[in-house]
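Single-structure report; data block below.
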Amino acid sequence: MEIQKVEDYIIHRQLFKHDKPVLVALSGGIDSFVMSDILIKLNYSVVFAHCNFQLRGDESDLDEKFVSNIANEWNIPIRVIRFKTTEYATENSLSTQESARKLRYDWFKELISEHNYQCVATAHNADDVAETLLINLGRGCGIAGLRGIPVKNGDIVRPILFVSRMEIEEYARESRIRFRNDSSNFERKYTRNKIRHDIIPILKTIFPGFIENITQSTELICKQEDIYNIVISQYSKHIVENNNKTEVELTPFIHIENSEVILYELLKPFHFSLSQVKNIILQGIENNGCRFDTFSHQAITHSGKLLIKNADSNILKDEYLIENLLDFNNLPILLNIENISKNEISELIPQSKNQIFVDYSKLVFPLKIRHWKKGDRIYPYGLNGSKKIQDLFSDLKLNLFQKKEVWILESDQKIVWVIGIKPDKHFSVSTNTEQILKFTVY
């Protein structure tokens, strides 16, 4: 392998320059040491960063000692950190591999911010790309999964991504590179290792240029994805942010060819599956109240739109008891209460949907603030008899999310106020009223 090819790769893709240090992720294995040796020979300023995940007992500590000794020998600055990976995985309900990855990259980000390094260089290579592509295909993926590993992702760069593992091993032999083997890389319990040691060798015998072909294909797919995304972005105008919710106009997608693919890509930030997207298009135009949930978001269909909001991270209580007027300060809504005497009644401002006046003597404590329930009824002003609150919602064209945000003020199992919408006339002020409560919701 000619190191000038690495230099050309770095320059052509604008990965980094010679003017500032590059943080090099140094595990101690053959890939990271070969990359480090090449970058040093190309006169780049480098700083080593080694993570000890403490997952392999003495072996992990020996790795740390080895890379520290090499760094001192090569006169290269090194930063080392030890992680309690197993504890972190348990506390955050993550797999060990996921935890190690998060801990590693979060630390790299901190180092870049603190020391103003250009970027972090990792030693992913062409064989890693092939392995990743096969994993993604096996799990099911779209065009993004077919591109393998990006050469640049934010502050993370991969300067030897085009180099095969065979070329790396050849370079290590010729340059007498010292390194350590991670025993976990040979354990077949990991999917990647099964593919690396069992599947790819077979594919190489069938297709002698398998790794090179994969590298070329993923580079082409990356360029094709750019074109693909340009087409997708033309439909982003049908998605708007409105009052902390996302509204998606569904009607335009009925007549678009391959509409489920376009909408699937647009809704990726919300993590909807392709089958959910198909159902959204199928049901969403004519049916209100169809609900679709992901681990991060909730969505409903309403008036030809898909309304999306974040999944509730903090679950509010269903109801709150109010023993006295001070308890109104401990509610999930901002509700102001004022005592008004009878001689002030002539000065009262007419009530509105956000402000009502109640005869204090008609209230039975404890009061209750709760969400509405099906079957709830209210006796509005100007109407003989009662009305279902559900019908009140329908008159106002409230969607399911809006309905869930409505609170009810209740006294002795009777509704005093559909807060912010309409009061019940049974609690109204009369000429006999001695004490008045003024309720204002903000």
Side-chain angles (χ1 to χ4, degrees), residues 242-245 289 291 293 297-298 300 302 307 309-342 344-345 348-383 385-430 433-442:
N242 189 4
N243 295 327
N244 297 321
K245 295 183 181 67
R291 181 166 172 171
D293 292 346
H297 291 81
Q298 299 172 342
I300 59 164
H302 183 77
L307 309 179
K309 71 169 187 175
N310 291 332
D312 294 330
S313 55
N314 297 312
I315 305 301
L316 297 174
K317 292 191 296 185
D318 289 330
E319 61 182 44
Y320 295 79
L321 285 181
I322 300 168
E323 301 284 352
N324 54 62
L325 296 184
L326 291 177
D327 287 342
F328 279 100
N329 296 321
N330 302 313
L331 298 176
I333 54 176
L334 185 56
L335 195 59
N336 186 57
I337 312 299
E338 293 181 53
N339 268 301
I340 299 177
S341 63
K342 184 178 180 180
E344 296 176 274
I345 193 167
L348 293 180
I349 302 172
Q351 60 189 14
S352 64
K353 66 177 183 179
N354 293 324
Q355 179 178 277
I356 68 167
F357 301 93
V358 172
D359 187 328
Y360 182 82
S361 66
K362 295 178 181 178
L363 297 176
V364 178
F365 283 80
L367 304 178
K368 183 185 294 184
I369 294 282
R370 63 170 174 82
H371 284 300
W372 74 279
K373 303 172 185 175
K374 288 185 177 180
D376 277 343
R377 306 186 77 93
I378 190 173
Y379 291 82
Y381 290 94
L383 182 68
S386 65
K387 183 170 186 174
K388 285 185 178 180
I389 292 180
Q390 175 66 51
D391 293 337
L392 187 64
F393 290 162
S394 298
D395 293 342
L396 296 172
K397 296 182 168 55
L398 299 188
N399 62 57
L400 184 59
F401 289 153
Q402 292 168 322
K403 294 175 186 177
K404 287 187 174 183
E405 292 170 355
V406 172
W407 290 90
I408 302 291
L409 175 61
E410 181 181 285
S411 170
D412 194 24
Q413 299 184 2
K414 299 181 182 67
I415 293 176
V416 179
W417 186 20
V418 182
I419 298 176
I421 296 179
K422 196 172 288 291
D424 189 291
K425 63 185 180 184
H426 287 144
F427 297 86
S428 63
V429 174
S430 69
T433 301
E434 294 293 333
Q435 191 68 31
I436 302 165
L437 283 185
K438 175 183 173 183
F439 291 83
T440 307
V441 66
Y442 298 95

Counting only heavy atoms not in Glu323 (residues, nucleotides, ligands), do more than 12 fall under 6.0 Å from its CD? yes
As an exercise, state the distance from NE2 of His426 to OG of Ser411, rounded to the nearest 0.5 Å. 12.5 Å
Parallel, tilted or perpendicular: which describes the rings of Tyr360 and Phe365, with under 30° parallel and over 60° perpendicular? tilted
What pair of heavy atoms forms the shortest contact from Ile340 to Gln435, and how long is it? O-NE2, 3.6 Å
Please identify which of these residues, His371, Lys388, Arg370, Gln390, meets the side chain to side chain donor-acceptor pair (under 3.5 Å) condition with Asp376. Arg370
Kindly compute the distance separating CG (Leu367) from CD1 (Ile337), expressed to the nearest 0.5 Å. 9.0 Å
Side chain to side chain, Glu338 and Leu437, heavy atoms closer than 4.5 Å: no
Val406 side chain near Ile389 side chain, heavy-atom distance below 4.5 Å: no
Calculate, to the nearest 0.5 Å, the distance between atoms CD and CG belonging to Gln402 and Leu396 respectively. 9.0 Å
Going through the checks in order, is the side chain to side chain contact (heavy atoms under 4.5 Å, CB included) test met by Ile436 and Asn339? CA-CA 6 Å; Ile436 302 165; Asn339 268 301; over 6 Å; no
Closest non-hydrogen contact found for Lys425 with Pro380 is CD-O, 3.5 Å
Side chain to side chain contact (heavy atoms under 4.5 Å, CB included) between Ile369 and Leu335: does it pass, once the steps are laid out? CA-CA 11 Å; Ile369 294 282; Leu335 195 59; 4.3 Å; yes
Ile415 vs Trp372, test: side chain to side chain contact (heavy atoms under 4.5 Å, CB included). Steps then yes/no. CA-CA 10 Å; Ile415 293 176; Trp372 74 279; over 6 Å; no
I'd like to check Phe439 versus Pro423 (side-chain heavy atoms, cut-off strictly below 4.5 Å). Are they in contact? no
What distance separates Ile378 CD1 from Lys387 NZ, expressed to the nearest 0.5 Å? 10.0 Å
Heavy-atom side-chain contact between Phe357 and Thr433 under 4.5 Å: no
When you compare the side chain of Ile408 with that of Val418, does any pair of heavy atoms fall below 4.5 Å? yes
Is the shortest heavy-atom distance from the side chain of Lys414 to the side chain of Asp424 under 4.5 Å? no
For the CG atom of Asn354 and the CD1 atom of Ile419, what is their distance to the nearest 0.5 Å? 11.0 Å
Could you check Val429 against Val358 for side chain to side chain contact (heavy atoms under 4.5 Å, CB included), going step by step and ending with a plain yes or no? CA-CA 6 Å; Val429 174; Val358 172; 5.9 Å; no
